[in-house]
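Residue numbering restarts at 1 for every chain, and letters A, B, ... go by the order of the sequence lines.
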Amino acid sequence: MTSSAPRVRVRFAPSPTGYLHVGGARTAIFNWLFAKHMGGDFLLRIEDTDQTRYDEKALVELMADLKWLGLQWVEGPEVGGPHAPYFQSQRLPMYQAAAKTLVAGGHAYPCFCTTERMDELRETQKRNNLPTCYDRRCRTLPPETAQERIAAGEKYTIRLKVPFQGNTVFKDFLRGTIDYQNRILDDMVLLKTDGFPTYHLANVVDDHDMRITHVMRGDEWIPSTPRHVIMYNAFGWEPPTFVHLPVILSPDGGKLSKRKGAASVGDYRDLGYLPETMVNFLSLLGWAPGDDQEFMEMDKLVELFNIEKINAKSAVFDEKKLEWLNGQYFLRRSVEYFLPLVKPMWAAAGIDPNAFSDDYFRTAISLLKDRSKRLPDFVAYGMYFFREPETFDEKSSKKHFGPGSEKLLNTLREALESAPDFETGTLETLYKATAESLGIKGGDLIHPTRLAVSGLPFGPGLFELMHALGREAVVRRLRFAADAIANGQVRTAVTA
RNA sequence: GUUCCCAUCGUCUAGUGGCCUAGGACAGCGCCCUUUCACGGCGCCGACAGGGGUUCGACUCCCCUUGGGAACGCCA
C-alpha cells in the first residue's frame with residue numbers, strides 16, 4: 001500500500017430484520033476479505049432506521065452468524081470504535097443536521113404530501129403505464145409557506161431536490177461508467193415524518209463520517225446510487241468507490257429463498273456445513289483467483305482476494321459443489337476438530353455420551369469423517385458404533401443374507417471367538433484363511449459380516465471397524481444376525 | 001410502462017485482440033484402485049446466445065437483437 005492511498009475501510013451494513021441470507025453473507029465475506037487483504041478495517045454498522053421492522057432476535061443471530069463465519073469486525077456493535085455509535089437509530093441528530101444542511105443549501109426541501117396521496121399517485125401512474133415517480137408538488141412551495149406549515153405542526157418529510165437537467169454519472173468499480181439522466185430520477189425521501197432517516201441519507205452520512213473508502217453492496221443498489229452521488233456532491237464530499245456485487249440465484253434461476261430449501265447461513269449450518277466451507281464456497285461465487293485453485297483456507301483467501309477479479313455476472317448457488325467442498329474440508333480436518341461438533345449430535349440422537357469414552361468417539365470419527373460430506377452423516381451412517389443394528393439394508397440383505405448365510409456367519413463367529421487377538425492384521429489373516437478353506441472369495445465373507453455388524457452396505461474398512469467395535473460386540477451382532485436369518489426375521493430398511 | 005445491469009460447458013469459472021483445436025472444478029457417464037462406500041487416478045460428454053461492424057486477425061472492442069436480472073416505498 002502506498003503512503004498516499006488512504007487506509008481501506010469497508011463496512012457490512014445489514015438491517016436487523018431477518019436471518020443472514022447467503023447473499024448477504026457473501027457481501028460480508030467480500031468486504032472482510034478485501035479489508036484483510038489490504039490491511040484495512042472491516043466495520044459492522046446496523047441499519048435499524050425502520051422502527052416498524054426492528055427485530056432484536058435478528059440482530060443477535062446476525063452477529064452470531066458473522067462470527068460463526070469468522071468475520072470479526074474491528075468497529076461496530078459490542079466492540080465500539082472511534083465513530084460510535086454504530087446503530088443508526090442512535091445517530092439521529094447527525095442525520096437531522098445533515099438534512100438541514102441540504103435544505104439550507106437548496107438541495108432538499110420539506111414535503112407535506114401524505115402516504116395516502118403518494119399511494120394514489122403511484123396507483124394512477126401505474127394504471128396509465130407511466131413511470132412511477134413523485135410529482136414534486138411540494139418542491140416549489142415558498143420557503144416561508146413551508147416554515148409556517150411546519151410551525152403549525154404539520155407532518156412533513158425532507159426530500160432530495162434532484163436537478164431537472166443534466167446527467168449524474170458515477171463509476172462502478174466492476175462495470176465502469178454508469179450514466180443516469182437526472183430527469184428520470186425522482187425526489188426521494190431523505191428524512192421520514194418520524195424523524196428517522198431513510199437508508200439513502202443515513203448511508204451517505206455514515207459512510208462519509210466513518211471514512212468508508214469502498215462501498216461494496218448488492219447490485220440492487222445501483223439505481224439508488226446516482227441519488228447518493230447527488231447527495232455527496234451537495235455535501236461537497238468525495239464519494240467512495242462503489243463496488244456493486246451481483247446477486248446469488250437459486251438453481252431454478254430465481255432468487256434463493258427459504259421456500260426452495262436453504263437460504264440463510266443458519267440453514268446451511270444446520271445442514272452440517274462447516275463455516276470454512278461456506279466462506280470458501282461463497283467467495284468462489286462471483287470471484288476466482290485467476291488460476292485453478294478452488295480449495296482455499298481463510299488465510300489463502302485473504303492472500304489472494306482481489307476486487308479486480310470480482311465478476312459482474314450473477315451466479316447460481318450449486319449445492320452439489322458445496323457438498324463436495326465440505327467433503328474436502330472433512331478430509332483435512334482433524335479428529336479433534338470434529339469431536340465437539342459430532343458428539344452432541346450423537347447425544348441428540350439418543351446415545352448416552354457418558355457410556356463411551358472420548359477415545360471411542362475419536363475412533364468412530366476417524367473411521368467416518370473421510371467418507372462423510374456433512375455433519376449429520378456421522379449420525380446417519382455411524383450409529384452402529386454405539387448401538388446394535390436392528391434393521392439391515394434391504395438391498396444388501398437380499399444379496400448377502402440368503403440361505404447358507406446363517407451357517408457362514410456362525411462359522412465366522414466361532415473363528416472370531418477363538419482368534420488370538422482382535423487386531424486388524426489378525427482379523428484380515430483370519431478372513432483370508434477362512435475364505436480359502438471354504439473355497440470362496442474374501443468379499444463373500446466380508447459383505448455379510450459388514451451387514452451383520454453395521455446394518456449398512458458401506459462404511460469404513462471392515463477389519464478396522466471390527467477392531468473398533470471389539471470382539472464382544474462383533475460376536476454378539478453376528479449371532480443376532482445369524483439367528484434372525486434362521487428365524488426368517490430379518491428386519492430390513494432402505495438406506496439412503 | 002420507464003430506467004439500469006448482466007451474457008463462455010447443466011452449474012461455478014479461466015480467458016483483457018493472435019498463446020484457444022477455448023483451460024480447470026462440480027455434477028453426469030465409463031474405466032482403474034478397492035471387501036463396500038467415499039477418497040484418489042485416467043478418460044468421455046459438454047460452452048464463447050444471434051446478427052452486424054472495427055481489425056491482417058475476434059471469446060476478447062463497438063452497435064443492434066434476443067434472453068435473464070434489478071430498481072422505480074416515509075423498506076433496506
Side-chain angles (χ1 to χ4, degrees), chain A residues 13-17 47-50 52-53 111 113-115 118-119 122 125-134 155-159 172 174-175 178-181 184-186 188-194 196-200 202-203 217-226 244 246-247 249 251 253-255 281 284-295 309 311-325 327-328 330-331 368-373 377 381 396 428 431 435 441-447 449-451 454 456-463 465:
Chain A
S15 89
T17 52
E47 312 240 329
D48 55 347
T49 54
D50 186 348
T52 61
R53 295 206 306 163
C111 170
C113 294
T114 59
T115 309
M118 290 307 297
D119 290 345
R122 245 192 309 278
Q125 288 168 334
K126 269 205 172 128
R127 223 180 7 250
N128 296 319
N129 266 341
L130 290 165
T132 53
C133 141
Y134 175 52
K155 292 230 181 268
Y156 67 99
T157 60
I158 299 292
R159 282 183 185 272
D172 178 85
L174 304 176
R175 290 160 252 262
I178 297 179
D179 192 332
Y180 277 86
Q181 293 177 271
I184 63 114
L185 266 26
D186 74 347
M188 64 174 153
V189 171
L190 265 23
L191 210 59
K192 312 179 215 177
T193 50
D194 64 2
F196 276 64
T198 57
Y199 168 85
H200 308 288
N203 121 79
R217 80 237 291 193
D219 67 7
E220 69 270 21
W221 291 109
I222 291 177
S224 306
T225 306
H244 288 102
V247 294
L249 303 170
K255 264 190 164 173
F281 182 75
L284 252 18
L285 245 39
W287 175 81
D291 53 26
D292 291 332
Q293 284 190 87
E294 297 212 282
F295 180 90
K309 289 200 170 283
N311 236 292
K313 186 187 137 197
S314 50
V316 174
F317 191 97
D318 179 7
E319 201 156 336
K320 274 282 177 20
K321 190 155 183 175
L322 210 217
E323 203 170 70
W324 165 79
L325 229 208
Q328 292 297 306
F330 274 37
L331 246 25
L368 292 168
K369 81 177 185 69
D370 290 358
R371 36 181 55 74
S372 298
K373 301 260 197 225
D377 289 352
Y381 308 127
S396 190
E428 189 165 358
Y431 265 63
K441 286 190 291 186
D444 296 332
L445 256 33
I446 287 165
H447 294 302
T449 306
R450 173 187 299 286
L451 187 60
S454 74
L456 297 175
F458 50 76
L462 182 66
F463 306 117
L465 175 57

> Examine A:Arg159 relative to A:Tyr134 and say whether NZ or CZ is less than 6.0 Å from the centre of the six-membered ring and inside a 45° cone about the ring axis.
yes
> Would you state whether a donor and an acceptor, one from the side chain of A:Thr193 and one from the base of B:rC74, lie under 3.5 Å apart?
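When only heavy-atom distances are counted, A:Thr193 does reach the base of B:rC74 through a donor-acceptor pair under 3.5 Å.
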> When you measure from the side chain of A:Asn128 to the backbone N and O of A:Leu130, does any donor-acceptor pair fall under 3.5 Å?
no
> If you restrict it to nitrogen or oxygen atoms, what contacts under 3.5 Å exist between nucleotides 6-8 of chain B and the protein, and what is each distance?
unit_1	atom_1	unit_2	atom_2	d
B:rU8	OP2	A:Lys313	NZ	2.5

> Can you tell me the base-pairing partner of B:rC39? Count Watson-Crick or G-U wobble geometry only, both distances below 3.5 Å, and say none if there is no partner.
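Matched B:rC39 with nothing under the 3.5 Å cut-off.
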> Report the nucleotide, chosen from B:rA70, B:rA14, B:rA76, that has the shortest atom-to-atom distance to any side-chain atom of A:Lys255.
B:rA70
> Would you classify A:Glu294 as touching base, sugar-phosphate or nothing, given that sugar-phosphate means primed atoms plus P, OP1 and OP2, and contacts are heavy atoms under 4.0 Å?
base
> Going by the angle between their ring planes, with limits at 30° and 60°, are A:Trp221 and A:Tyr199 parallel, tilted or perpendicular?
parallel
> Could you tell me the Watson-Crick or G-U partner of B:rA22, where both distances fall under 3.5 Å? Say none if there is no partner.
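The base-pairing partner of B:rA22, which may sit in any strand shown, does not exist here.
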> If you only use heavy atoms from C-beta on, which nucleotide in B:rC74, B:rG24, B:rU35 is closest to the side chain of A:Phe463?
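The listed nucleotide nearest to A:Phe463's side chain is B:rU35.
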> In whole angstrom, what separates A:Lys320's NZ from B:rU11's C1'?
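It is 11 Å, rounded to the nearest whole Å.
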> Could you tell me the Watson-Crick or G-U partner of B:rG46, where both distances fall under 3.5 Å? Say none if there is no partner.
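Pairing partner, where one exists within any strand: none, as none qualifies.
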> Rounded to the Å, how far apart are A:Leu249 CG and B:rC5 P?
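Rounded to whole Å, this separation is 18 Å.
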> Measure from the side chain of A:Arg450, starting at C-beta and using heavy atoms only, and say which of B:rA71, B:rU36, B:rG1 lies closest.
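Of all the options, the side chain of A:Arg450 is nearest to B:rU36.
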> Nearest heavy-atom pair of A:Tyr431 and A:Ile446: which atoms, and what distance?
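So the two residues come closest at CD2-CG1, 4.1 Å.
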> Which part of the nucleic acid does A:Thr132 contact within heavy-atom distance under 4.0 Å: base, sugar-phosphate only, or nothing?
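Base: the residue A:Thr132, judged by heavy atoms under 4.0 Å, touches a nucleobase.
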> Checking all strands, does A:Lys369 fall into the base, sugar-phosphate, or nothing category for heavy-atom contacts under 4.0 angstrom?
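Nothing: the residue A:Lys369, judged by heavy atoms under 4.0 Å, touches no strand.
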> With both distances kept under 3.5 Å, what pairs with B:rU3, Watson-Crick or G-U wobble?
B:rA70
> At under 4.0 Å between heavy atoms, what does A:Pro223 touch on the DNA or RNA strands: base, sugar-phosphate, or nothing?
sugar-phosphate
> To the closest 0.5 Å, what do you measure between CG (A:Asp219) and CG (A:Leu174)?
9.5 Å
> By the 4.0 Å heavy-atom rule, please label A:Thr49 as base, sugar-phosphate, or nothing.
sugar-phosphate
> For A:Asp186 and for A:Leu284, locate the closest nucleotide of RNA chain B by heavy-atom distance; then report the residue assigned to the nucleotide nearer the 5' terminus.
A:Leu284
> Applying a 4.0 Å non-hydrogen cut-off, can you work out what A:Cys113 is touching in the nucleic acid: base, sugar-phosphate, or nothing?
base
> Output the single nucleotide from B:rC5, B:rC12, B:rC74 whose closest atom is nearest the side chain of A:Leu285.
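Among the listed nucleotides, the one closest to the side chain of A:Leu285 is B:rC12.
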> Which value, in whole Å, describes the distance between the C1' atoms of nucleotides B:rU13 and B:rA47?
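Pairwise C1' distance, B:rU13 against B:rA47, rounds to 12 Å.
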> With the side chain counted from C-beta on, respond yes when A:Leu284 and A:Lys321 share a heavy-atom pair under 4.5 Å apart, and no when they do not.
no
> For B:rU34, what is the paired nucleotide under Watson-Crick or G-U wobble rules, both distances under 3.5 Å?
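B:rU34 is unpaired by these criteria.
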> What is the base-pairing partner of B:rC75, counting Watson-Crick and G-U wobble geometry with both distances under 3.5 Å?
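Here B:rC75 is not engaged in any pair, so there is no nucleotide opposite it.
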> So which atom in A:Ser454 and which in A:Leu465 form the shortest heavy-atom distance, rounded to 0.1 Å?
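A:Ser454 and A:Leu465 have their closest heavy atoms at CB-CD2, 4.4 Å.
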> So what does A:Phe281 touch, heavy atoms closer than 4.0 Å: a base, only the sugar-phosphate, or nothing?
nothing
> Counting only N and O atoms by type, is there a donor-acceptor contact under 3.5 Å from the side chain of A:Gln125 to the main-chain atoms of A:Cys133?
yes
> Minimum heavy-atom separation for A:Ser15 and A:Glu47, please, with both atom names.
CB-O, 3.2 Å
> More 5' along RNA chain B: A:Arg159 or A:Ile184, using each one's nearest nucleotide?
A:Ile184
> What is the base-pairing partner of B:rU54, counting Watson-Crick and G-U wobble geometry with both distances under 3.5 Å?
none
> Applying a 4.0 Å non-hydrogen cut-off, can you work out what A:Gly461 is touching in the nucleic acid: base, sugar-phosphate, or nothing?
base
> Mark up nucleotides 37-48 of chain B, 5' to 3', with B wherever a protein heavy atom is under 4.0 angstrom from a base atom, S wherever such an atom reaches only the sugar-phosphate, and - elsewhere.
BSSS--------
> Tell me if the CZ atom of A:Phe295 is crowded by more than 12 foreign heavy atoms within 6.0 Å.
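Enclosed.
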> Determine the Euclidean distance between corresponding P atoms of B:rA49 and B:rC12; express it in Å to zero decimal places.
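Result for the P pair: 14 Å, nearest Å.
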> Under the 3.5 angstrom rule, does the side chain of A:Thr17 hit a backbone N or O of A:Arg53 as a donor-acceptor pair?
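No, A:Thr17 side chain to A:Arg53 backbone: no donor-acceptor pair under 3.5 Å.
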> Could you tell me how far B:rA22 sits from B:rG50 if I compare only their P atoms? Round to whole Å.
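These two P atoms come out 15 Å apart once rounded.
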